[in-house]
Amino acid sequence: MNKLITDIDIIKEGIEEKETCETVKVSLDKDTGKERKLYIESYGCQMNFSDSEIVTSIMQKSGFDTTSDFNEADVVFLNTCSIREKAEQTVRHRLNQFNAVKKRKPDMMVGILGCMAERLKSKLLEEEKVVDLVVGPDAYRDLPSLVAQVDSGHKAVNTFLSKEETYADISPVRLNSNGVTAFISIMRGCDNMCSFCVVPFTRGRERSRDPHSIVEEAETLFNQGFREVTLLGQNVDSYKWSPEINNKARLERSEVSEVVNFAHLLEKVALVSPELRIRFSTSHPKDITDEVLHTMKKYDNICKYIHLPAQSGNTRVLDLMNRTYTREWYINRVDAIRSILGDSCGISSDMIAGFCTETEEEHQDSLTLMDYVQYDFSYMFFYSERPGTLAAKKYKDDIPLTVKKKRLSEIIAKQQNISLARNQMDIGQVQEVLIEGFSKRSDEHLQGRNSANKVVVFPKKQYQKGQYVQVLIKACTTATLSGDIIDQ
Ligand code: SAH
Ligand code: SF4
Ligand code: F3S
């Protein structure tokens, strides 16, 4: 797996491949003797990685194997992200490289999928001559016929956004899988319209997936040996399945007739097996309910970790961002987490530095909020104006880049201090860890995560991935805990 980490636009603290990092994941080799080969690269958030697994499933059914070497691919797909300008630049740079490859291999088909495809539509065909195919996130079922269209000598575009598509019936082909942890998409789209954000335009209206199909997917994964699932959505707390919202045809196919909210869904998935860990992302501060927190408390196998992006600690800036909560509301939600789930519950955030008109004092409010909450880690960015968003239309992107970067570096420095202090508090504790595989640095060490989502590294002894172990934490850095397994 390659990682492209370019500058402080992309700061990752703590865990691997979380959302919105310009991380690249490439499909694995799967050779079942089919005639044509697909190479797929994914950028952006976990939703995109999860979508690539759906795309691979659709392509396998239409006669493709996967390869991890684009030189032997008949079809190359880039599943793209538009969240910041940098994310799009990374893809454009990659397309230049494929342009060179295509000179050697003129028959190689190049497709752009995902959020950049949706944002730029057929304009991409004009701007990037190497591209043959442009397909938005709701049009993947159409891929076989679009590929056939390109085979017959035409360029192909489908960027239709659906109000219903959830790909509920498609079994994803797990790519880059460690065989232990997997993502399950529970909803698509977003109705929130945060003023800085391109997602509502690239992913369309919010819709929830049939709970029956979600539980079934979790059961299948468990039976295949997986031990952790992460339920994915842009705003999981607004998950809702009900006879009124979800149309009749879908209801008839479903075995679920009652209203199912996110707390109910969590409970249904937690009941699949006490040996299956449940995580979820992302929680919106305006929507996270005490009912969800109590459900987390009730089940040991629901991990005690919440990604609760604040974006800013200042109420005026939050209002401009259209986040629909105040600093006080956010603090109230954090207090609820601490009082229901205790201090050991992991909390992480996303922070944006230098949003339109943000003053120095308002930036200080973000820093003091971080002090108050004591985030275990954060994903931190400076504001990048995105065409077509509410902020691009209404506000001037008036904070100079140097100031944005300075504020961002202050936020990062603050987070590093807090992460270290939070990790030091774990030293001396015995924590349950689900082993995910070998540590990055040595085959003598294994790694996994604790309930609060922190990476823990320890000597392997006789243990292997997929097992739960009790680890005595002995040391830490800002990003990792290390210790020794306590033999049972
Ligand atoms: N649905 C999630 C976030 C998805 S986008 C939520 O509501 O929290 C992930 C993160 O990217 C956002 O939380 C935000 O911090 C960052 N982001 C989104 N648009 C951005 C922009 N225009 N400039 C900088 N960061 C941005
Ligand atoms: Fe974007 Fe806001 Fe939706 Fe998150 S909740 S995806 S930040 S619009
Ligand atoms: Fe990027 Fe689209 Fe995800 S813009 S962050 S890939 S929803």
Side-chain angles (χ1 to χ4, degrees), residues 8-12 17-25 41-52 78-88 90-91 112-120 136-138 161 183 185 187-206 232-238 280-288 306-312 317-318 321-325 330 348-356 358 366 378-392 395 397 399 401 404-405 407-408 411:
I8 56 172
D9 189 2
I10 312 154
I11 302 297
K12 298 200 303 169
E17 294 98 46
K18 235 328 242 90
E19 55 197 10
T20 70
C21 311
E22 281 76 65
T23 308
V24 184
K25 268 200 175 180
E41 244 175 45
S42 312
Y43 297 78
C45 65
Q46 292 164 337
M47 301 287 299
N48 249 17
F49 295 133
S50 174
D51 278 4
S52 289
L78 302 189
N79 195 358
T80 61
C81 172
S82 288
I83 200 82
R84 285 169 291 278
E85 198 184 346
K86 192 112 215 164
E88 292 201 357
T90 308
V91 169
I112 297 291
L113 317 183
C115 292
M116 229 175 130
E118 192 61 50
R119 193 178 87 71
L120 294 162
D138 287 346
L161 279 178
F183 298 129
S185 257
M187 55 205 295
R188 298 180 71 82
C190 183
D191 284 351
N192 279 324
M193 293 307 245
C194 301
S195 65
F196 52 79
C197 186
V198 79
V199 172
F201 304 95
T202 62
R203 293 264 163 181
R205 298 308 299 268
E206 186 177 285
L232 289 182
Q234 292 298 351
N235 177 8
V236 290
D237 301 288
S238 62
F280 53 89
S281 189
T282 297
S283 301
H284 196 296
K286 81 173 157 60
D287 293 320
I288 189 165
I306 300 174
H307 184 53
L308 195 70
Q311 316 293 0
S312 165
V317 175
L318 286 169
M321 288 177 163
N322 201 24
R323 288 291 286 181
T324 68
Y325 53 84
Y330 186 90
S348 59
S349 185
D350 293 346
M351 289 302 221
I352 298 179
F355 187 64
C356 312
E358 182 191 64
S366 291
S378 295
Y379 302 90
M380 300 160 281
F381 316 98
F382 61 74
Y383 174 58
S384 162
E385 186 178 83
R386 307 310 293 130
T389 55
L390 290 182
Y395 313 123
D397 181 13
I399 308 298
L401 188 60
K404 285 181 182 172
K405 287 192 174 176
R407 290 182 189 168
L408 177 58
I411 288 176

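This structure is a prediction, so every number in the text was calculated from the model and none was measured. One-based numbering, in listed order, for ligands and for the atoms of each.
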Student: Using every non-hydrogen atom in the two residues, find where V199 and C190 come nearest and quote the distance to one decimal.
Tutor: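 Shortest heavy-atom contact: CG1-CB, 4.3 Å.
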Student: Heavy-atom distances under 4.0 Å are what count here, so tell me which part of I352 touches ligand 1: side chain, backbone, both or neither.
Tutor: side chain
Student: Would you call R203 a ligand 2 contact, heavy-atom distance under 4.0 Å?
Tutor: no
Student: What class does the angle between the rings of Y325 and Y330 fall in, given that below 30° is parallel, 30 to 60° is tilted and above 60° is perpendicular?
Tutor: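 Correct class here is tilted.
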Student: What is the closest protein heavy atom to atom 3 (Fe) of ligand 2, and at what distance does it sit?
Tutor: C190 SG, 2.3 Å
Student: Using a 4.0 Å heavy-atom cut-off, which part of C81 comes near ligand 3: side chain, backbone, both, or neither?
Tutor: both
Student: Does either side chain, that of S312 or that of E358, offer a donor lying less than 3.5 Å from an acceptor on the other one?
Tutor: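 No, no side-chain donor-acceptor contact under 3.5 Å.
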Student: Can you tell me which portion of R323 lies within the under-4.0 Å heavy-atom range of ligand 1? Options are side chain, backbone, both, or neither.
Tutor: side chain
Student: State the atoms of ligand 2, each with its element, that fall below the 4.0 Å cut-off from a heavy-atom position in H284.
Tutor: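 So the answer, numbered in order with elements, is 5 (S).
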Student: Between the side chains of D138 and R205, is the shortest nitrogen-to-carboxylate-oxygen separation below 4.0 Å, so that they form an ion pair?
Tutor: no
Student: Return the SG to CG distance between C115 and N79, rounded to the nearest 0.5 Å.
Tutor: 8.0 Å
Student: Contact between E118 and R203 at the side-chain level, heavy atoms closer than 4.5 Å - yes or no?
Tutor: no
Student: If I take atom NZ from residue K286 and atom CG from residue N235, how far apart are they, to the nearest 0.5 angstrom?
Tutor: 5.0 Å
Student: Apply the side-chain contact (heavy atoms from CB on, under 4.5 Å) test between F196 and each candidate in R386, R84, E385, M321; give the one that qualifies.
Tutor: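 Among R386, R84, E385, M321, the one meeting side-chain contact (heavy atoms from CB on, under 4.5 Å) with F196 is M321.
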Student: Taking 4.0 Å as the limit for heavy-atom contacts, which would you say applies to Y379 with ligand 1: side chain only, backbone only, both, or neither?
Tutor: neither
Student: Which option, M47, R84, R203, Q234, owns the non-hydrogen atom nearest atom 2 (C) of ligand 1?
Tutor: Q234
Student: Under 3.5 Å, N or O to N or O, is Y383 touching ligand 1 that way?
Tutor: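 N/O-N/O distance below 3.5 Å does not exist for this pair.
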Student: Determine whether L408 and K404 make a side-chain contact, defined as any pair of heavy atoms from C-beta on separated by less than 4.5 Å.
Tutor: no
Student: Are any of the side-chain heavy atoms of Y379 and P309 separated by less than 4.5 Å?
Tutor: no
Student: For residues A117 and G136, report the shortest heavy-atom separation together with the two atoms involved.
Tutor: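 The pair with the smallest heavy-atom distance is CB-N, 4.3 Å.
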Student: Going by heavy atoms in the side chains, are M187 and S238 under 4.5 Å from each other?
Tutor: yes
Student: If you compare all heavy atoms of L161 against all heavy atoms of F201, which two are closest, and at what distance to 0.1 Å?
Tutor: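 Shortest heavy-atom separation between L161 and F201 comes out as CD1-O, 3.8 Å.
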Student: Taking the non-hydrogen atoms of Q234, is any one of them nearer than 4.0 angstrom to ligand 3?
Tutor: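 Contact present.
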Student: Heavy-atom contacts under 4.0 Å between P200 and ligand 2: side chain, backbone, both, or neither?
Tutor: side chain
Student: Does any part of the side chain of L120, heavy atoms only, come nearer than 4.5 Å to the side chain of E88, both counted from C-beta?
Tutor: yes
Student: Take every heavy atom of I83, measure it against each atom of ligand 1, and state whether any distance is under 4.0 Å.
Tutor: yes
Student: If you take the nearest heavy atom of each of S82, S384, A392, which one is closest to atom 21 (C) of ligand 1?
Tutor: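 Shortest heavy-atom distance from atom 21 (C) of ligand 1: S384.
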Student: Among all protein heavy atoms, pick the one closest to atom 5 (S) of ligand 2 and tell me residue, atom and distance.
Tutor: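 Heavy-atom neighbour on the protein nearest atom 5 (S) of ligand 2: N192 ND2, 3.3 Å.
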Student: With the threshold set at under 4.0 angstrom, would you say S82 reaches ligand 3 through any of its heavy atoms?
Tutor: yes
Student: Distance from M47 atom CE to L232 atom CG, nearest 0.5 Å?
Tutor: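 Here the rounded value is 6.0 Å.
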Student: Would one find an N or O of Q311, backbone or side chain, under 3.5 Å from an N or O of ligand 1?
Tutor: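 Yes; at least one N/O pair falls below 3.5 Å.
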Student: Atoms of ligand 1 less than 4.0 Å from F381 heavy atoms?
Tutor: 11 (O), 15 (O), 16 (C), 25 (N)
Student: Quick one: which ligand 2 atoms are inside 4.0 Å of a heavy atom on R323?
Tutor: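 Answer, ordered by atom number: 2 (Fe), 7 (S).
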Student: Counting from 1, what ligand 1 atoms have a heavy atom of P309 closer than 4.0 Å?
Tutor: 8 (O)
Student: Under a 4.0 angstrom heavy-atom cut-off, which atoms of ligand 3 come close to C115?
Tutor: 2 (Fe), 4 (S), 6 (S), 7 (S)
Student: Does a side-chain heavy-atom distance below 4.5 Å link L390 with C194?
Tutor: no
Student: Assess C45: does it contribute an N, O or S atom lying under 2.8 Å from atom 2 (Fe) of ligand 3?
Tutor: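 Within the cut-off used here (under 2.8 Å), C45 places no N, O or S atom near atom 2 (Fe) of ligand 3.
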Student: How does M47 reach ligand 3, if at all, at less than 4.0 Å between non-hydrogen atoms: by side chain, backbone, both, or neither?
Tutor: neither
Student: Just checking: C194, one of its N/O/S atoms, less than 2.8 Å away from atom 2 (Fe) of ligand 2, yes or no?
Tutor: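 It does: C194 brings an N, O or S atom closer than 2.8 Å to atom 2 (Fe) of ligand 2.
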Student: At less than 4.0 angstrom from any non-hydrogen atom of R386, what atoms of ligand 1 do you find?
Tutor: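 Those atoms are 22 (N).
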Student: Within ligand 3, which atoms have a heavy atom of N48 less than 4.0 Å away?
Tutor: 6 (S)
Student: Quick check on contacts: which atoms of ligand 1 are under 4.0 angstrom from a heavy atom of T282?
Tutor: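 With T282 as reference, the close atoms of ligand 1 come out as 2 (C), 6 (C), 8 (O).
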Student: Note the single closest protein heavy atom to atom 1 (Fe) of ligand 2, along with its residue, its atom name and the distance in Å.
Tutor: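 For this ligand atom, the closest protein heavy atom is C197 SG, 2.3 Å.
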